[in-house]
2 protein chains.
Amino acid sequence: MSDRRTEILKAATRVIVRRGVRGLRVEELAVEAGVSTSLIYYHFGDRAGVLRRTLEFINDRADRYTAERLPDGDPDDARGDLEQVLLLELQDLAEVRENSTAWGELRASAVFDPELREELARATHTWVHEIAELLGRADPAGTAPAHAAAAERLTALLEGLSVRWLSGSLPLEHARRLLREAIAVELAPGRPAV
Amino acid sequence: MSDRRTEILKAATRVIVRRGVRGLRVEELAVEAGVSTSLIYYHFGDRAGVLRRTLEFINDRADRYTAERLPDGDPDDARGDLEQVLLLELQDLAEVRENSTAWGELRASAVFDPELREELARATHTWVHEIAELLGRADPAGTAPAHAAAAERLTALLEGLSVRWLSGSLPLEHARRLLREAIAVELAPGRPAV
DNA sequence: AAGCCTTGACTGAAATTTCAGTTCGATGGA
DNA sequence: TCCATCGAACTGAAATTTCAGTCAAGGCTT
């Protein structure tokens, strides 16, 4: 697990967080990982390969930390669970910052690089599903399509808030408050037919 | 108006939409504009100059098309106006695509480049204000801070939906529907105290 | 066990490519 | 004459990619 290959992927994550996907220089990565540039080509073929694998790596890691959430909350409190899962992404912890930054870069890069889109779509889909399910538990009266739509809105909003936070236009606490309010608004009774 | 300088700026906008700010190559720009590379340096000094002027150019253009919105809708229909203004940003028109793409690039770049943040914060602030005011008209019963928060949520959501659209993970019509629903949800009666 | 071969991880240095930016002589219109 | 423009050849720096070869571990053969 902690072989050089993985070290390189970890280092790549750090470099991406610092410089962005498009700012990643193979040599800077080599220095960061404490290996030669050649080793990087040995393992990943080319720069694009590094990027591809790193994005997979980040995705896996994000799955893992989303999976180990929810320290046994009250099973009745589905709404609390929902809040927790979403707010997990708005925290000033190195790992969260890394994942959010990398995720934002991935999204932004995908606008210009169709190669990245498939992986992105897959991850997004999984995430939206997960949130939709939590919404279903928090609001058993609602329909599945309504939950799916709300999940798309909440995750898209979270992405929007996240970039604003990371780009310094929105203080973390404020972002968290807006997200909590959005959940409240989505779960409010008397949802209108649109 | 249609001098070469402006041609170059228009071409730069197209190139940025295609390749991103960081993917803009001076020579590709020259080809796109149908001019020599020397002319670009003659007019803009260096690549950074091109970028600076192009972003100004895009901003001005965006202001213009936001200003000429609302073809005299019914003055009672504030909610309709709000919908229109927001949905303006989710349209498959070259100009809108260009502006949204450039905006997304700006946001994404600001994560790694603090220099861009001020301009960004200013523009965001203006925009949020404008939306908050429309919310105030659509929902006179609500308080100003509540409108401000809702405006932040709606604009952040719009940014999130916009990147998903541009990165090909969300069909345009679906994005528009989600946004309309979000407006409906925000304007629904019985907003909870959070 | 001694020698030999293979393989996978790894390196340093150098080749190659890619870009921004420069220079300069020439051209044609106001 | 001045200005905008072209074009094509260059430079220099930065970044990517290749390559020949080292090293250590593991097995196979005799």
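Lettering follows sequence order; numbering is per chain, from 1. This one's a predicted model, so the numbers in the text were calculated from it and none came from an experiment.
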- Note on the structure: From CZ of B:R4 across to C1' of C:dT27 the rounded distance in Å is 13 Å
- Message: Could you tell me how far apart B:L39 (CG) and C:dT22 (P) are, to the nearest whole angstrom?
- Response: 15 Å
- Message: Could you check whether A:R177 pairs with A:E181 (Lys NZ or Arg NE/NH1/NH2 to Asp/Glu carboxylate O, under 4.0 Å)?
- Response: yes
- Between the side chain of B:R122 and the main-chain N/O of B:R117, is any donor-acceptor distance below 3.5 Å? no
- Query: CG of B:L187 to CG of B:L82: how many Å apart, nearest 0.5 Å?
  - Reply: 6.5 Å
- A:H43 side chain N/O closer than 4.0 Å to the phosphate oxygens (OP1, OP2) of C:dG8? no
- Task: Measure the distance from CG on B:L29 to P on C:dG21 and round it to the nearest whole Å.
- Result: 12 Å
- Query: What are the two closest heavy atoms between A:R47 and A:V21, and how far apart are they?
  - Reply: NH2-O, 3.2 Å
- Task: Give a yes/no answer on whether the side chain of A:R5 brings an N or O atom under 4.0 Å of OP1 or OP2 in C:dA9.
- Result: no
- Query: Rounding to a whole Å, what distance do you find between A:Y42:OH and D:dG21:P?
  - Reply: 18 Å
Enumerate the protein-to-nucleotides 15-20 of chain D contacts in which both atoms are nitrogen or oxygen and the separation is below 3.5 Å.
unit_1	atom_1	unit_2	atom_2	d
D:dT16	OP1	A:R47	NE	3.0
D:dT16	OP2	A:V26	N	2.9
D:dT17	OP2	A:Y41	OH	3.3
D:dT17	OP2	A:R47	N	3.2

- Does the side chain of B:V26 reach to within under 4.5 Å of the side chain of B:F44, using non-hydrogen atoms? no
- Query: Taking atom C1' of C:dC10 as reference, at what distance in whole Å does atom CZ of A:F44 sit?
  - Reply: 14 Å
- Can you tell me the distance, in whole Å, between the CD1 atom of A:I8 and the C1' atom of C:dT11? 13 Å
- What's the verdict on salt bridge (Lys or Arg N to Asp or Glu O under 4.0 Å) for A:E152 and B:R164, showing C-alpha distance, side-chain angles and the deciding distance? CA-CA 11 Å; A:E152 284 188 285; B:R164 285 194 186 182; 5.1 Å; no
- Please work out if B:G34 contacts a base, only the sugar-phosphate, or nothing of the nucleic acid, heavy-atom cut-off 4.0 Å. sugar-phosphate
